[in-house]
Student: 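Below is the structure I would like to discuss, written out as structure tokens.
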Amino acid sequence: MSLADRINNAYIRTIFRDTHVISGQKMMPFKPNIRKETEKVANVLGNFLFPALLSVNLPVFLYQMVLEKEQRLVMNMRINGMAMRNYWLVNTLYNLSVYIWTSGIYYGFGYFVTGLSFFNETNMYFLVATILGWGLNQVSLSFLLSCFIGSSQNASLIGYSTSI
């Protein structure tokens with residue numbers, strides 16, 4: 001392409017002596033920046049893996065709740081006088097605290113250690129609100145699914161299949 005551009009410029013200069021043609025063709029040296037290319041790949045993988053890693057909490061929540069139901073721990077608590085709203089409240093707070101703890105570790109690793117653009121360039125308040133909303137959805141979904149599942153093995157299988 002560069003050779004064709006040079007031939008074209010030489011032909012135009014022979015016909016029109018006082019014309020100067022500026023073309024956009026230049027030989028550019030190819031110097032790959034390995035660090036920049038690695039950061040691009042890490043950003044793409046990080047943007048995909050961060051939500052996937054936060055979805056792994058759902059099977060854990062679901063398994064724990066179905067296991068309590070399977071071993072009749074919930075029934076024993078009800079017999080001893082515990083109100084069900086207290087059970088659901090404590091489970092919600094526990095699962096949310098586990099979720100906030102793990103998402104805080106992921107956020108700290110992504111922001112401070114790897115410096116992914118997903119964390120650096122996104123508004124912090126928006127990101128925290130999205131992460132908390134995602135956690136509330138996972139806890140609520142684990143409550144809903146635990147009502148229909150009777151075996152802890154099935155809970156793990158369904159939990160991992162729904163989190164994907």
Side-chain angles (χ1 to χ4, degrees), residues 1 24 26 28-164:
M1 198 152 174
K26 290 184 180 178
M28 308 250 338
F30 179 69
K31 294 180 183 176
N33 189 347
I34 301 299
R35 181 178 174 97
K36 212 175 231 188
E37 298 300 322
T38 306
E39 285 178 4
K40 285 181 185 177
V41 171
N43 280 324
V44 168
L45 287 176
N47 292 342
F48 172 72
L49 289 178
F50 182 72
L53 288 174
L54 288 181
S55 296
V56 176
N57 287 330
L58 175 70
V60 175
F61 301 154
L62 187 60
Y63 177 79
Q64 176 245 341
M65 293 182 67
V66 172
L67 187 64
E68 285 179 359
K69 185 172 74 170
E70 187 179 33
Q71 293 178 348
R72 307 251 186 239
L73 296 175
V74 177
M75 190 60 69
N76 287 336
M77 287 185 268
R78 286 183 71 187
I79 290 171
N80 288 327
M82 186 175 99
M84 283 308 289
R85 69 169 181 262
N86 293 338
Y87 170 76
W88 292 114
L89 178 68
V90 168
N91 255 342
T92 303
L93 292 176
Y94 175 74
N95 289 340
L96 276 178
S97 65
V98 168
Y99 178 80
I100 289 170
W101 184 73
T102 56
S103 62
I105 289 173
Y106 289 146
Y107 182 81
F109 185 78
Y111 187 80
F112 296 110
V113 176
T114 61
L116 294 175
S117 65
F118 179 76
F119 300 103
N120 293 335
E121 296 174 6
T122 305
N123 185 356
M124 186 181 75
Y125 300 114
F126 177 74
L127 190 60
V128 168
T130 304
I131 289 172
L132 285 177
W134 184 258
L136 284 171
N137 285 333
Q138 283 187 354
V139 171
S140 301
L141 184 61
S142 67
F143 287 163
L144 175 69
L145 291 177
S146 71
C147 295
F148 301 112
I149 301 171
S151 167
S152 58
Q153 291 177 344
N154 290 342
S156 293
L157 181 67
I158 291 172
Y160 281 110
S161 64
T162 57
S163 67
I164 294 175

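Since the model is a prediction, treat every value here as computed from it, not as a measurement. Note: hydrogens, waters and symmetry copies are ignored here, and every other heavy atom, side chains too, is used.
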Student: Just grab all the salt bridge (Lys or Arg N to Asp or Glu O under 4.0 Å) pairs involving residues 58-68, residues at least two apart or on different chains.
Tutor: none

Student: Side chains of Asn91 and Tyr87: any donor to acceptor distance under 3.5 Å?
Tutor: yes

Student: Would you say Leu132 and Ile100 make side-chain contact, with heavy atoms under 4.5 Å?
Tutor: yes

Student: So, taking the atom named CD1 in Ile131 and the one named CZ in Phe126, what distance separates them when rounded to the nearest 0.5 Å?
Tutor: 10.5 Å

Student: Are the side chains of Leu116 and Phe50 in contact, using a 4.5 Å heavy-atom criterion?
Tutor: no

Student: Kindly give the heavy-atom pair with the smallest separation between Phe61 and Asn95, and that separation in Å.
Tutor: CZ-O, 3.3 Å

Student: So which heavy atom on Leu58 is nearest to which on Gly159, and how close?
Tutor: CD2-O, 4.0 Å

Student: So does Ser117 get a backbone contact from the side chain of Asn43, meaning a donor-acceptor N/O pair under 3.5 Å?
Tutor: yes

Student: Any donor-acceptor pair under 3.5 Å linking the side chain of Thr122 with the backbone of Phe119?
Tutor: no

Student: Taking all non-hydrogen atoms of both residues, which atom of Tyr99 and which atom of Gly135 are closest, and how far apart?
Tutor: CE2-CA, 3.3 Å

Student: At what distance, to the nearest 0.5 angstrom, does CH2 of Trp134 lie from CG of Asn57?
Tutor: 11.0 Å

Student: Just list the side-chain donor-acceptor pairs under 3.5 Å for residues 137-150, sequence neighbours left out, or say none.
Tutor:
from: Asn137; atom 1: ND2; to: Gly133; atom 2: O; distance (Å): 3.3
from: Gln138; atom 1: NE2; to: Leu54; atom 2: O; distance (Å): 2.9
from: Ser140; atom 1: OG; to: Leu136; atom 2: O; distance (Å): 2.8
from: Ser142; atom 1: OG; to: Gln138; atom 2: O; distance (Å): 3.4
from: Ser142; atom 1: OG; to: Val139; atom 2: O; distance (Å): 2.6
from: Ser146; atom 1: OG; to: Ser142; atom 2: O; distance (Å): 3.3
from: Ser146; atom 1: OG; to: Phe143; atom 2: O; distance (Å): 2.8

Student: Which atom names give the shortest non-hydrogen contact between Ser156 and Tyr63, and what distance separates them?
Tutor: OG-CD1, 3.2 Å

Student: How far apart are the closest heavy atoms of Val56 and Pro59, and which atoms are they?
Tutor: O-CD, 3.1 Å

Student: Output the distance between atom CG (Leu62) and atom CG (Leu67), rounded to the nearest 0.5 Å.
Tutor: 11.0 Å

Student: Counting neighbours of CE on Met82 that are heavy atoms of other residues, nucleotides or ligands and sit closer than 6.0 Å, is the number greater than 12?
Tutor: yes

Student: With side chains defined as the heavy atoms from C-beta onward, is the minimum distance between Trp88 and Met65 less than 4.5 Å?
Tutor: yes

Student: Would you list the pairs meeting salt bridge (Lys or Arg N to Asp or Glu O under 4.0 Å) in which at least one residue belongs to residues 34-52, sequence neighbours left out?
Tutor: Arg35-Glu39, Glu37-Lys40

